[in-house]
Amino acid sequence: MAFFLFCGISARAQRARGELRLEVHDPHGTAVAPGGELVSEANGFRRSFATGPDGRYVAQDLPFGVYRLSLQAEGFAPWSDLVEIRSEVPVRVAVVLGVAPVTTQVQVNDSATLVDPNATGALYSIGRQAIEEYNAAQPGRELLDLVAEEPGWVYEANGVLHPRGSEYDVQFVVDGLPLTQNRSPAFAPSFDAGDVESLRVLTASFPAEYGRKLGGVVEVTTKKDVQPGWHGRFDASGGSFSTVNGSAGISYAREGDRFSMSGEGFHTDRYLDPPVLANYTNRGNAAGFSASYERDFSLSDRLRVSVTHNVVRFLVPNELVQQQAGQRQDIQNTETSGQIYFQHIISPELFLSFSGSVRDASATLASNASATPVIVSQDRGYREGYARADLAGLHGHHNWKAGVDGIFTPVHEALQYTITKPSAFLPGTLPNFQFPYQRKWDAERSIYAQDQIQLGRWNVSAGLRFDHYGFVVHESAWSPRIGVSRFVPGLNLLLHASYDQVFQTPAVENLLLASSPLLDAISPSVLRLPVRPGRGNFYEGGMTKAFFGKLRLDANVFRRDFRQYSDDDVLLDTSVSFPIAFAKARIIGEEIRAEIPQWGRFSGYLSYANQSGIGQGPITGGLFLGSDAANALTDTGKFAVTQDQRNSLHARVRFQAPRRAWLAMGAQYGSGLPADIGNAKVSDLLAAFGQQILDRVNLERGRVRPNFSLDAAAGAEIYHKESRSAALQIQVANLADRLNVINFASLFSGTALGEPRSVSASLRLTF
């Protein structure tokens with residue numbers, strides 16, 4: 001324990017997922033190989049499977065919850081029962097199938113899995129069907145778009161997610177590997193949605209094992225259900241803006257060995273959200289591959305190794321003046337990672353796991369000589385080492401877990417600029433600047449313990465976490481977490497409340513640059529304060545209820561109080577953004593989600609969020625130039641945070657037509673984000689963006705006008721035989737071709753337009 005705590009190699013979060021191990025026999029003890037189905041409506045999970053000749057089947061990475069397990073074999077009576085997954089310790093189920101027509105078990109329907117009776121906070125799941133049936137209008141945003149449809153999540157420009165008013169505080173956990181850096185299309189390569197089995201989205205009642213970025217957590221689980229023999233998939237799609245996208249994967253399994261490999265790539269002429277209608281210089285290309293190998297050495301020991309490599313190259317969209325000048329800015333983001341994971345079952349009640357990884361990420365920016373108002377080039381990146389050790393167990397009413405983690409990352413940055421239009425900047429701004437290559441270690445360590453206690457119909461989750469952060473500043477904090485819920489079986493109702501104390505580390509992007517004393521020379525007035533970790537108190541109360549065995553309603557109220565509230569700013573008029581912090585902020589809101597997983601041929605959902613976010617100065621961290629620097633230390637005024645969209649709504653209705661065809665309609669509405677134009681003149685804004693865009697901004701209220709989009713999709717499985725299938729689908733985004741302005745100010749922190757009407761079609765083959 002001490003070794004992992006103080007060694008300095010990282011580990012930052014783990015999955016709340018378990019495993020089901022099934023054995024099937026007949027009354028004489030002979031193995032039976034039935035077909036089966038595993039369903040959890042609360043988790044959006046549905047999987048059909050076939051047991052092996054020995055009657056065994058292992059379902060990995062199952063989100064905690066209640067599942068309906070059903071088995072059918074020729075000559076035997078059908079069998080169905082509920083199974084609960086509550087711990088990382090595998091659940092073993094031994095089934096004896098009775099000879100037909102004898103019934104050995106009462107049939108259980110899916111409605112029993114609509115509500116998780118042991119949850120202590122709001123949690124939303126996105127299953128494989130939703131992922132497969134969604135084509136993003138802009139490639140690389142499939143998973144981000146799906147997360148943005150959950151209540152409380154707001155999209156800003158260029159696919160940046162903001163959960164419940166938080167900036168830079170989203171954490172993705174991919175098969176246990178935590179990714180705390182910005183994962184928006186402008187900052188990192190995208191995930192291959194074809195490899196993803198499911199998503200789980202958390203915004204409250206965080207287990208103590210989660211830390212560092214807790215605005216929202218998105219758990220990404222890749223496919224692990226590798227069937228014996230060779231299997232594969234191929235996906236191809238194309239659409240508006242010369243967009244083409246392709247991905248393929250292949251897998252092989254034999255006894256205890258499983259291997260899979262996949263690759264993807266795309267091209268589009270609309271990668272980011274452009275600032276003007278003309279969509280200048282907005283091309284993007286990406287390619288990547290991943291491979292994994294997994295081996296069961298015994299019933300107690302498993303090893304998994306995986307590698308990924310992804311690269312995306314794109315142009316920064318121009319404003320009108322930049323296009324006329326001939327500006328071109330190229331960005332390349334590259335990411336390579338390798339991960340190893342080992343688990344050992346010590347006993348039926350005790351589970352031990354170790355994991356480690358290395359991830360190398362880099363980003364380069366280059367401008368041509370015609371760039372205006374500034375020529376800028378940059379090279380930044382990091383190499384992250386990662387390791388962790390966890391021990392989980394079951395004891396009576398307790399499902400406990402303890403672990404240690406740490407991170408050890410050398411970060412490097414270099415930048416230079418040349419101003420080509422001095423009139424665009426304050427007098428005295430340094431016309432040429434070079435930030436030489438600099439490197440600094442980021443070392444972070446933590447330890448945690450947590451327990452899930454079941455006392456009849458009451459549930460209590462309690463945890464405590466300790467973090468130490470050491471990069472530009474050094475700070476430590478204890479973070480207690482607690483959640484309580486009560487399940488009322490007669491009403492199929494769960495009431496819950498939770499409190500999370502969080503310690504959130506600053507964004508690493510360009511933090512070295514913004515903290516360097518070398519930047520004091522670029523302007524006559526410079527304020528440079530160290531960006532400290534943010535601290536917050538999160539409160540949530542809510543309910544989950546099932547109606548008619550078909551509809552689930554989630555309703556929550558929440559409040560978040562922040563100190564050192566994080567935000568971002570840009571250096572001069574470049575695309576180089578860096579973190580800043582304000583003294584405090586408060587976010588309050590209400591959320592509702594109604595979902596029908598399946599009612600006859602219909603399914604769908606409606607999610608709504610109302611929230612208000614108010615920040616307050618003075619500035620407590622970051623880099624500020626000119627008049628901003630003079631006022632930052634004394635301005636204690638209140639302001640609407642940049643993610644303060646008061647009303648957000650998403651809805652979707654799906655109809656399952658005969659012959660494996662389906663139709664769907666979706667709608668999105670947002671009441672509009674704040675628009676801070678500072679001292680800009682309306683005439684200058686009109687010249688830069690045009691009347692149509694300016695009409696979509698209410699300058700008196702300081703807000704972008706409401707946005708609305710209506711989408712439609714349809715698909716059909718045109719061939720299916722055993723494990724081979726072919727499916728076609730088509731999607732139309734923004735049917736009314738409405739002009740939607742997302743942000744209004746500048747490219748990376750403001751003005752950005754939502755996609756116009758666009759059409760895409762895809763073909764999926766499996767074998």
Side-chain angles (χ1 to χ4, degrees), residues 154 156-157 160 162-169 215 425-426 502 504 506-507 514-515 519 523-539 558-573 577-589 610-647 670-682 684-685 697-705 741-746 748-751:
V154 173
E156 267 198 313
V160 180
H162 298 286
R164 292 185 172 178
S166 290
E167 177 94 36
Y168 277 129
D169 289 327
F425 302 96
L426 294 173
V502 301
Q504 306 201 114
S515 303
L519 271 75
S523 175
S525 180
V526 175
L527 174 64
R528 187 173 43 78
L529 299 173
V531 182
R532 299 170 53 199
R535 300 170 189 256
N537 296 291
F538 295 177
Y539 310 88
F558 69 89
R559 170 175 154 178
R560 291 182 165 187
D561 294 324
F562 294 90
R563 288 179 293 145
Q564 310 294 330
Y565 177 72
S566 61
D567 206 334
D568 69 324
D569 203 351
V570 295
L571 179 64
L572 301 178
D573 197 14
S577 66
F578 54 85
I580 62 174
F582 294 93
K584 57 185 178 180
R586 173 172 294 175
I587 317 293
I588 59 174
N610 174 277
Q611 69 178 27
S612 174
I614 301 298
Q616 184 174 349
I619 288 293
T620 57
L623 173 71
F624 301 90
L625 309 175
S627 59
D628 290 339
N631 300 327
L633 288 176
T634 58
D635 186 358
T636 60
K638 296 182 178 181
F639 57 91
V641 301
T642 55
Q643 301 81 41
D644 180 45
Q645 180 163 272
R646 302 298 172 87
N647 298 282
S671 58
L673 295 170
D676 182 8
I677 65 172
N679 297 320
K681 297 179 180 179
V682 175
D684 293 338
L685 296 174
V697 182
N698 188 329
L699 296 177
E700 292 183 2
R701 292 187 63 234
R703 282 190 176 268
V704 175
R705 297 188 188 277
V741 175
I742 304 172
N743 302 82
F744 191 76
S746 65
F748 278 81
S749 63
T751 302

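Basis for what follows: all heavy atoms, side chains included, without hydrogens, waters or symmetry-related copies.
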Run Ile587 and Phe562 through side chain to side chain contact (heavy atoms under 4.5 Å, CB included) and show every step you take.
CA-CA 9 Å; Ile587 317 293; Phe562 294 90; 3.7 Å; yes

Contacts of Asn647 that satisfy side-chain contact (heavy atoms from CB on, under 4.5 Å) - sequence neighbours left out:
Tyr608, Asn610, Tyr669, Ser671

Write out all pairs satisfying ring-ring contact (aromatic ring centres under 6.0 Å, His included) with one or both partners inside residues 618-647, taking only residues at least two apart or from two chains.
Phe582-Phe639

Over all heavy atoms of both residues, which pair between [X] and [Y] is shortest? Give the atoms and the distance, please.
| X | Y | result |
| --- | --- | --- |
| Asp169 | Ser166 | CB-CB, 4.0 Å |
| Ala632 | Pro618 | O-CB, 3.3 Å |
| Ser515 | Arg528 | O-NH1, 3.0 Å |
| Leu673 | Ile742 | CD1-O, 3.6 Å |
| Tyr565 | Gly165 | OH-O, 2.5 Å |
| Val570 | Phe578 | C-CE2, 3.7 Å |

Do Ser612 and Arg646 come close enough that some side-chain heavy atom pair is under 4.5 Å?
yes

Within-4.5 Å side-chain heavy-atom neighbours: Leu685 and Phe744:
yes

For the residue pair Glu167 and Ser566, confirm or rule out a side-chain donor-acceptor distance under 3.5 Å.
no

Pair Gln645, Gln611: side-chain N/O donor-acceptor within cut-off below 3.5 Å:
no

Show me the side-chain donor-acceptor pairs of residues 698-705 shorter than 3.5 Å, one per line, residues at least two apart or across chains.
residue, atom, partner, partner atom, Å
Asn698, OD1, Glu700, N, 3.2
Asn698, OD1, Arg701, N, 3.1
Arg703, NH1, Asp644, O, 2.7
Arg703, NH1, Gly672, O, 3.1
Arg703, NH2, Asp644, O, 3.4
Arg703, NH2, Asp644, OD2, 2.4
Arg705, NE, Asp695, O, 2.9

Is there a side chain to side chain contact (heavy atoms under 4.5 Å, CB included) between Leu625 and Leu623? Walk through the geometry before answering.
CA-CA 7 Å; Leu625 309 175; Leu623 173 71; 4.2 Å; yes

How long is the gap from [atom1] on [X] to [atom2] on [Y], to the nearest 0.5 Å?
| X | Y | atom1 | atom2 | value |
| --- | --- | --- | --- | --- |
| Arg535 | Arg563 | CZ | CZ | 6.0 Å |
| Thr642 | Asp568 | OG1 | CG | 7.0 Å |
| Ile588 | Arg164 | CD1 | CZ | 12.5 Å |
| Thr620 | Gln564 | OG1 | CD | 3.5 Å |
| Leu519 | Leu527 | CG | CG | 12.5 Å |

Applying side chain to side chain contact (heavy atoms under 4.5 Å, CB included) to Phe425 and Leu572, what does each step give before you reach the verdict?
CA-CA 8 Å; Phe425 302 96; Leu572 301 178; 3.6 Å; yes

Within the side chain of Arg559, is there an N or O that forms a donor-acceptor pair under 3.5 Å with the backbone of Tyr539?
no

Without swapping roles, check the side chain of Asn743 against the backbone of Ala157 for a donor-acceptor pair under 3.5 Å.
yes

Is there a side chain to side chain contact (heavy atoms under 4.5 Å, CB included) between Glu156 and His162? Walk through the geometry before answering.
CA-CA 7 Å; Glu156 267 198 313; His162 298 286; 2.5 Å; yes

